[in-house]
Amino acid sequence: MSEKQAEELAAAIEAALLGTPGVAALFPVAGSLTLLVEAGAQAIGVRDEPGPRVVVRTDGDAVEVEAALGVSAGHAAAETVRRAHAAIRAALPAATPVRAIVTLVHVDVAG
Amino acid sequence: MNDSAPASIPGFDPADLDGHTMDELIDYLDAGRTPVDPSIEGSPGCRIALDALTRLRDLGPALLDEDVQAEPPADEGWVRQIMTNIALDARAGRRIPVVVAEPDDVAMTEGAVRGLVRAAEAEVPGVLIGRCRLDGDVTTPGAPIRVEVEASVPYGEPIAALATRLRAAVGATLERHTELVVTAIDVVVHDVRLLAAETAAETGEGKEEGR
């Protein structure tokens, strides 16, 4: 997978996640210094070192996707995370070896 | 208010609030969260702390300022203690797995769950959660978990009834949002406080001079 393809995939996953019922926000993924590709260029990250909102790491044909979610308390949090995970998997080509790392980091109790 | 800076809290790593301090978060709330600070709004720890600080502030608009401006003699004021605990509880903590069919790593942070538990205080007006602990191996699906919350309650209401309502609210929240197997919810009431109006009436002073 080329870097451009990885960027497009990250952008597609970000859009899929933000369209998932209950997902309120995406947060910068921790450990941004080691990241290979980042989507979401908007600087919402940590101080002087904004992190990407969806990370796609590639190793040959294998893909690792990482995302940190904020969800609305209006939906059951665990179910929202599960839906988000399914959305990531659905955004990837079926034959692609993939590992997803999805973390719910905040529940918006006002949402 | 310098004492509330995260760096001064034992066991607190400033990275937990992504470099921000509780003072900064309170100032940010004072400003109505405008202009939007991306580094605060983009930090899960800050967002969890802001949620709790907002409820604390809603309990009495001047509560934070009154307590913080006072110089506590020997022990900290209860608001200061709660703010310390808010900062500690905002830490990401352990990963609590969400079970999926694929061999992926899907989880919620302990900090997010503690934030949910803390939010249950809104179901019992006047009650504030000081500290929340999840005892047990939360990293293992199905492991029994014991929840302990420390609470501050308003004077004049039956403590047992308040504790029962808080326990029910915490239980309902965890059942709805998590897959934790909660075997017990312990509510420890560590503080009974007078409301501002009652304090003023008892001292014969106006509200502004009530402390």
Side-chain angles (χ1 to χ4, degrees), chain A residues 22 24-32 40-53 62-90 92 96-111, chain B residues 14-15 17-20 24 36-52 54-55 58 90-123 141 173-180:
Chain A
L26 298 178
F27 286 86
V29 173
S32 60
Q42 183 182 5
I44 65 162
V46 178
R47 293 237 157 146
D48 298 326
E49 193 68 37
R53 301 204 295 174
V63 174
E64 183 175 84
V65 179
E66 185 168 1
L69 311 176
V71 305
S72 165
H75 295 73
E79 286 306 312
T80 299
V81 178
R82 209 171 267 119
R83 279 195 296 270
H85 170 252
I88 290 174
R89 286 232 158 223
L92 292 161
T96 303
V98 60
R99 179 170 186 266
I101 304 170
V102 186
T103 309
L104 184 159
V105 295
H106 177 251
V107 180
D108 186 354
V109 292
Chain B
L17 292 179
D18 292 315
H20 290 284
E24 289 173 350
V36 172
D37 186 330
S39 69
I40 291 178
E41 300 291 349
S43 159
C46 289
R47 293 285 294 276
I48 292 168
L50 282 172
D51 291 343
T54 299
R55 288 191 300 275
D58 288 347
R91 294 174 298 177
R94 297 172 286 182
R95 289 179 66 81
I96 301 175
V98 174
V99 177
V100 294
E102 298 82 359
D104 293 333
D105 183 356
V106 182
M108 50 182 70
T109 64
E110 188 175 13
V113 173
R114 282 193 297 247
L116 274 170
V117 170
R118 188 177 284 280
E121 69 191 7
E123 300 296 318
T173 292
L174 291 174
E175 183 175 359
R176 171 170 163 74
H177 290 290
T178 77
E179 298 175 341
L180 291 172

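Values reported hereafter were calculated over all heavy atoms of this structure, with side chains retained and with hydrogens, waters and symmetry mates removed. All chains are named by letter (A, B, ...) in the order of the sequence lines, taking the proteins before the strands, and each is independently numbered beginning at 1.
A:Val107 pairs in a side-chain contact (heavy atoms from CB on, under 4.5 Å) with only one of the listed residues (B:Leu116, B:Thr178, B:Thr173), which is B:Leu116.
Two residues are said to be in side-chain contact when any heavy atoms from C-beta on lie closer than 4.5 Å; B:Val106 and A:Arg82 fail this criterion. Taking 4.5 Å as the limit, every side-chain heavy atom of A:Arg89 sits out of range of all side-chain heavy atoms of B:Val100. B:Arg55 places a side-chain heavy atom less than 4.5 Å from the side chain of A:Val109.
Between chain B and the options A:Val71, A:Val81, A:Leu104, the largest number of non-hydrogen pairs under 4.5 Å is found for A:Leu104. Here B:Ala112 is the residue among B:Ala112, B:Pro103, B:Gly111 with the most heavy-atom pairs under 4.5 Å with chain A.
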Residues B:Arg47, A:Asp108; criterion side chain to side chain contact (heavy atoms under 4.5 Å, CB included); working and verdict: CA-CA 8 Å; B:Arg47 293 285 294 276; A:Asp108 186 354; 4.3 Å; yes
Before you tell me yes or no, could you show the steps for A:His106 and B:Asp51 under side chain to side chain contact (heavy atoms under 4.5 Å, CB included), namely the whole-Å CA-CA distance, both residues' side-chain angles and the distance that decides it to 0.1 Å? CA-CA 10 Å; A:His106 177 251; B:Asp51 291 343; 2.8 Å; yes
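Residue A:Val98 touches chain B through its backbone alone, counting heavy-atom pairs closer than 4.5 Å.
In terms of heavy atoms, A:Pro28 sits closest to B:Gly42 at CD-O, 3.3 Å.
With rounding to the nearest 0.5 angstrom, the CD atom of A:Glu79 is 10.5 Å from the CZ atom of B:Arg176. The distance from the CG atom of B:Asp104 to the CD atom of A:Glu66 is 12.0 Å, given to the nearest 0.5 Å.
In this structure, B:Glu102 places its CD atom where more than 12 heavy-atom neighbours from other residues, nucleotides or ligands lie under 6.0 Å away.
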